[in-house]
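Lettering follows sequence order; numbering is per chain, from 1. What's counted below: heavy atoms across the whole structure, side chains too, no hydrogens, waters or symmetry copies.
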2 protein chains.
Amino acid sequence: MTPTCSIGEAAKATGMTTHTLRYYERIGLMPSIDREAAGRRRYSQSDLDFVGFLALLRKTGMPIREMVEFVRLMQQGDGSVADRATMLERHRSQLLVEMDELGRFMAALDAKIAFYRGRERELRHASESAGVEAEARTSDAPATTPV
Amino acid sequence: MTPTCSIGEAAKATGMTTHTLRYYERIGLMPSIDREAAGRRRYSQSDLDFVGFLALLRKTGMPIREMVEFVRLMQQGDGSVADRATMLERHRSQLLVEMDELGRFMAALDAKIAFYRGRERELRHASESAGVEAEARTSDAPATTPV
DNA sequence: CTATGACTTCGAGTGCGCTCTAAGTCAAGC
DNA sequence: GCTTGACTTAGAGCGCACTCGAAGTCATAG
C-alpha cells in the first residue's frame with residue numbers, strides 16, 4: 001500500500017545519481033532497502049526522507065565516515081539516541097565555526113573587490129585624462145601591489 | 001634590504017606546508033619566487049601576502065584551476081584588472097549562495113537535533129515512570145521514524 | 001673536516017567522494 | 001518472440017588537492 005519507487009525514480013526525487021545511491025548502500029549508509037522479487041531496489045518514502053537527511057549532513061560538510069558511524073548508532077536502537085544527538089550537536093557547532101569563518105572571508109573578499117574596482121577606476125581615469133602614454137606609465141607602480 | 005625568508009619560515013608564517021608552497025609554485029600559482037645563489041627560494045613579504053590571498057580564495061571554495069586562471073590574468077598586467085574584478089565578484093556571489101544554503105541547512109539541523117533531544121527526554125521519562133518493560137515497549141514505535 | 005638538517009627536483013602516492021565500466025538479468029511494449 | 005531499457009553486481013577509474021619519498025645539494029655549527 002505504501003508507495004515505493006525504483007532506484008531511478010529515487011535518484012530523480014533526491015537529486016542523487018543511481019550510482020551514488022548504490023554507493024551509499026554498500027558503504028553502510030542505507031542498510032536496508034527493500035527488494036522486489038527480481039532483486040531490484042524499492043525505495044519507500046522514508047528511504048527518500050533518509051536520503052535527504054544524508055544529503056543534509058553531506059552538504060554541511062560531515063565526512064562520510066562519520067555519517068556511517070551515525071547510521072551504525074541508529075541500528076543500535078534507542079540506547080544510542082543520546083550519542084546521536086551529541087554527534088549532531090558537535091557537527092552543528094563545527095558548522096557554526098565554518099559559517100563564521102566564511103563571514104570573515106567574505107569581508108576580506110569584499111575588500112579585495114573594492115581595491116580592484118578602485119584600480120579599475122584609476123586606470124580608466126588615467127587613460128581618459130592623459131592618453132595612452134599615461135596608461136602605460138600607471139602599469140608599473142600599482143602592479144607591484146598585486147595582492 | 002627588504003626582509004625575505006626561507007620556504008620553511010614561509011610555511012610557518014602562512015600555515016601552509018613547504019610541500020604545498022612548492023606545489024602552488026609548480027602549478028603556476030606563484031610564478032616568481034626569488035632564489036638565493038644556491039637555488040633556494042626566498043619569500044618576500046608580498047609573496048607571503050599573496051599566499052594569504054590564495055588561502056582566502058581556497059578557503060572560500062575557489063577551485064585551484066580558477067585560481068591559476070586568476071594568476072594568469074594578473075600576469076597580463078593592468079589590462080586584465082576588470083576581468084579579475086569580475087572573477088572575484090562572481091566568486092563572491094557563489095560564496096553568498098553557499099552561505100545562504102548553509103543557513104538553511106543549519107535550521108534543518110537544529111530541527112533534527114530538537115527532535116533527537118525530544119526523543120531522549122521521552123525515553124528517559126518512560127524508563128523512569130514505568131520501569132524497564134516500558135522502555136522496551138517504546139523501542140518500537142518511535143524507531144520507525146528514524147530520519 | 002664533518003655532521004646535521006633545511007633545502008632542491010621529479011614523480012609517485014594518498015584520501016575523499018564519487019563515477020563509471022563490463023557483463024549480465026529481467027519486465028514490459030510491440 | 002524480440003527489443004528496449006532500466007536494473008543488477010564487482011571492481012576499476014577519476015578529479016581534486018595535496019602529500020610524500022628518494023636521491024641529491026649546500027650552509028652553518030661544532
Separation of dA10(D) P from Glu25(A) CD (nearest whole Å): 11 Å
Rounded distance (Å) that lies between atom C1' of dC16(D) and atom CG of Leu29(B): 14 Å
For Ser44(B) against Thr4(B), the heavy-atom pair lying closest together: CA-CG2, 4.3 Å
Under 4.0 angstrom between Arg35(A) side-chain N/O and dT9(D) OP1 or OP2: yes
Heavy-atom check, side chain of Arg41(A) versus side chain of Ser6(A), under 4.5 Å: no
Whole-Å distance separating the CD atom of Glu66(B) from the P atom of dC16(D): 11 Å
Value in whole Å for how far the P atom of dC7(C) lies from CZ of Arg22(B): 7 Å
Sugar-phosphate only, base, or nothing, as touched by Arg41(B) at under 4.0 Å among non-hydrogen atoms: sugar-phosphate
Nearest atoms (heavy-atom pairs only) where Asp47(A) meets Met30(A): O-CE, 3.9 Å
Closest non-hydrogen atom pair between Ile27(A) and Val68(A), with its separation: O-CG2, 3.7 Å
Phosphate-side-chain proximity, Ser6(B) and dC7(C), N/O vs OP1/OP2 below 4.0 Å: yes
Rounded distance [0.5 Å steps], OH in Tyr24(A) versus CZ in Arg58(A): 5.5 Å
Over 12 foreign heavy atoms within 6.0 Å of CZ, Arg72(A): yes
Leu21(A) CG to dC7(D) P, straight-line distance once rounded to whole Å: 10 Å
Under 3.5 Å, which N/O atoms of the protein pair with N/O atoms of nucleotides 22-30 of chain D?
| residue | atom | partner | partner atom | Å |
| --- | --- | --- | --- | --- |
| dC26(D) | O2 | Arg40(B) | NH2 | 3.3 |

Separation of dC7(C) C1' from Tyr43(B) OH (nearest whole Å): 11 Å
Close N or O pairs between protein and nucleotides 18-21 of chain D (under 3.5 Å):
| residue | atom | partner | partner atom | Å |
| --- | --- | --- | --- | --- |
| dC18(D) | OP2 | Tyr24(B) | OH | 2.8 |
| dC18(D) | OP2 | Arg58(B) | NE | 3.1 |
| dT19(D) | O4 | Arg26(B) | NH2 | 2.9 |

Note, Tyr43(B) side chain near Thr14(B) side chain (heavy atom, < 4.5 Å): no
Which atom of Leu21(A) lies closest to which atom of Ala11(A), heavy atoms considered: CD1-N, 3.6 Å
Sugar-phosphate, base or nothing in reach of Arg42(A), heavy atoms under 4.0 Å: nothing
Distance in Å, Thr86(A) OG1 paired with Tyr116(B) OH, rounded so as to fall on 0.5 Å steps: 11.5 Å
